[in-house]
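The structure under discussion appears below in the form of structure tokens.
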Amino acid sequence: MPSTKKTLHFMSSALVTSISVGVLGYSMSITWATTTMDCAPRGNEFFNGTANITLQLFSGKTKRNGCPFFDGPPEPFQVLSQLGKTGGAPLILHALAVVLLSLCMLFSTGGILISLYNSVSNPYETYMGPIGFYTCSSLSACLSFLVLILFVVNVNLTSIAEDLVKSFVGESEVDLKNKSAVMQIGYYLLIPYIALCLLAIVLIYMYEHAAYTHRKEQQRPTEDAPKEIMMY
């Protein structure tokens with residue numbers, strides 16, 4: 001049976017990782033970005049209308065004011081299916097972000113199971129031990145950090161917002177310019193998720209370091225013993 005100290009460290013790590021899963025799950029269900037663009041009918045010099053895109057990972061909403069001619073009610077859409085009409089880099093980057101976040105959820109769940117298993121047993125030398133937990137949590141942190149980069153690049157540097165608007169009004173009917181994107185709480189929640197993943201790793205490392213130090217102290221070589229004792 002593991003020691004009380006080990007149980008506390010691994011149970012704490014499981015709790016922290018569980019909180020991170022909740023944070024990630026909530027993040028994936030709310031708004032990640034809003035984008036506003038000036039809008040005008042094709043060939044018109046006066047950009048009097050606006051188009052607004054509210055973007056979540058799986059769904060979104062577009063609102064057009066005088067774009068290209070009349071105001072329209074908010075129109076909900078499914079992001080991947082709507083982007084599938086135009087394809088290209090926006091679809092690929094968004095789909096990749098969703099896949100990576102799903103893997104983060106999977107690895108974090110694996111980290112919880114490994115932590116709970118270690119809190120009641122001692123599988124030090126197998127993938128079910130601390131090494132397995134380090135792998136799961138570090139992959140979760142790295143992949144979510146990659147999503148931070150991919151998503152902001154997709155929103156700001158590709159034509160994802162323009163493609164979504166044109167998929168509703170038609171490619172040949174509208175001109176868009178002056179795109180302005182604002183990242184929302186869903187996107188920024190990845191930062192505390194990463195921090196929680198790293199905190200869980202630190203908790204396990206603290207226990208491992210203390211256990212290693214204790215083992216070393218118990219295995220001191222005989223040359224450290226007093227000379228009087230070594231003579232006998």
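It should be emphasised that the depicted structure is a prediction, and the values quoted were computed from it without experimental measurement.
A side-chain N or O of S140 and one of S108 form a donor-acceptor pair less than 3.5 Å apart. Side-chain contact of S27 with Y188: a donor-acceptor pair under 3.5 Å is absent, judged by distance alone.
Looking at every heavy atom in both residues, N118 comes nearest to G129 through OD1-CA, 3.5 Å. Of all non-hydrogen atoms in L116 and S119, the two that sit nearest each other are O-OG, 2.5 Å.
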Practice item. Could you walk me through whether S29 and Q56 pass side-chain hydrogen bond (donor to acceptor under 3.5 Å, both in side chains), step by step? Key: CA-CA 7 Å; S29 68; Q56 300 182 7; over 6 Å; no
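Hydrophobic cluster membership is shared by Y134 and M128, with clusters built from Ile, Leu, Val, Met, Phe, Trp and Tyr side chains linked at under 4.5 angstrom. Using a 4.5 Å cut-off between side-chain heavy atoms of Ile, Leu, Val, Met, Phe, Trp and Tyr, with links allowed through other members, V153 and I160 fall into the same hydrophobic cluster. In the hydrophobic clustering of this structure, V182 does not group with V79; members are Ile, Leu, Val, Met, Phe, Trp, Tyr whose side-chain heavy atoms approach within less than 4.5 Å, directly or through other members. Cluster membership for L146 and I92, using ILVMFWY side-chain heavy atoms within less than 4.5 angstrom, is not shared. M11 and L113 fall into different hydrophobic clusters, where Ile, Leu, Val, Met, Phe, Trp and Tyr are joined by side-chain heavy atoms under 4.5 Å apart, directly or via other members.
Environment of CE in M183: crowded, with over 12 heavy atoms of neighbouring residues, nucleotides or ligands closer than 6.0 Å. Within 6.0 Å of atom NZ in K61, 12 or fewer heavy atoms from other residues, nucleotides or ligands are found, so the atom counts as exposed in its surroundings. The number of heavy atoms from other shown groups lying within 6.0 Å of OH (Y26) does not exceed 12.
Partner of V152 under the side-chain contact (heavy atoms from CB on, under 4.5 Å) criterion, out of L150, V155, N156: N156 alone.
Between E75 and R64 there is a salt bridge, since a side-chain N of the basic residue sits under 4.0 Å from a carboxylate O of the acidic one.
The backbone N or O of F47 sits nowhere less than 3.5 Å from a side-chain atom of D38 that would complete a donor-acceptor pair.
Using cut-offs of 30° and 60° on the angle between ring planes, the pair F10 and Y207 is perpendicular.
Looking at heavy atoms from C-beta onward, Y187 lies out of side-chain contact with V147 at the 4.5 angstrom threshold.
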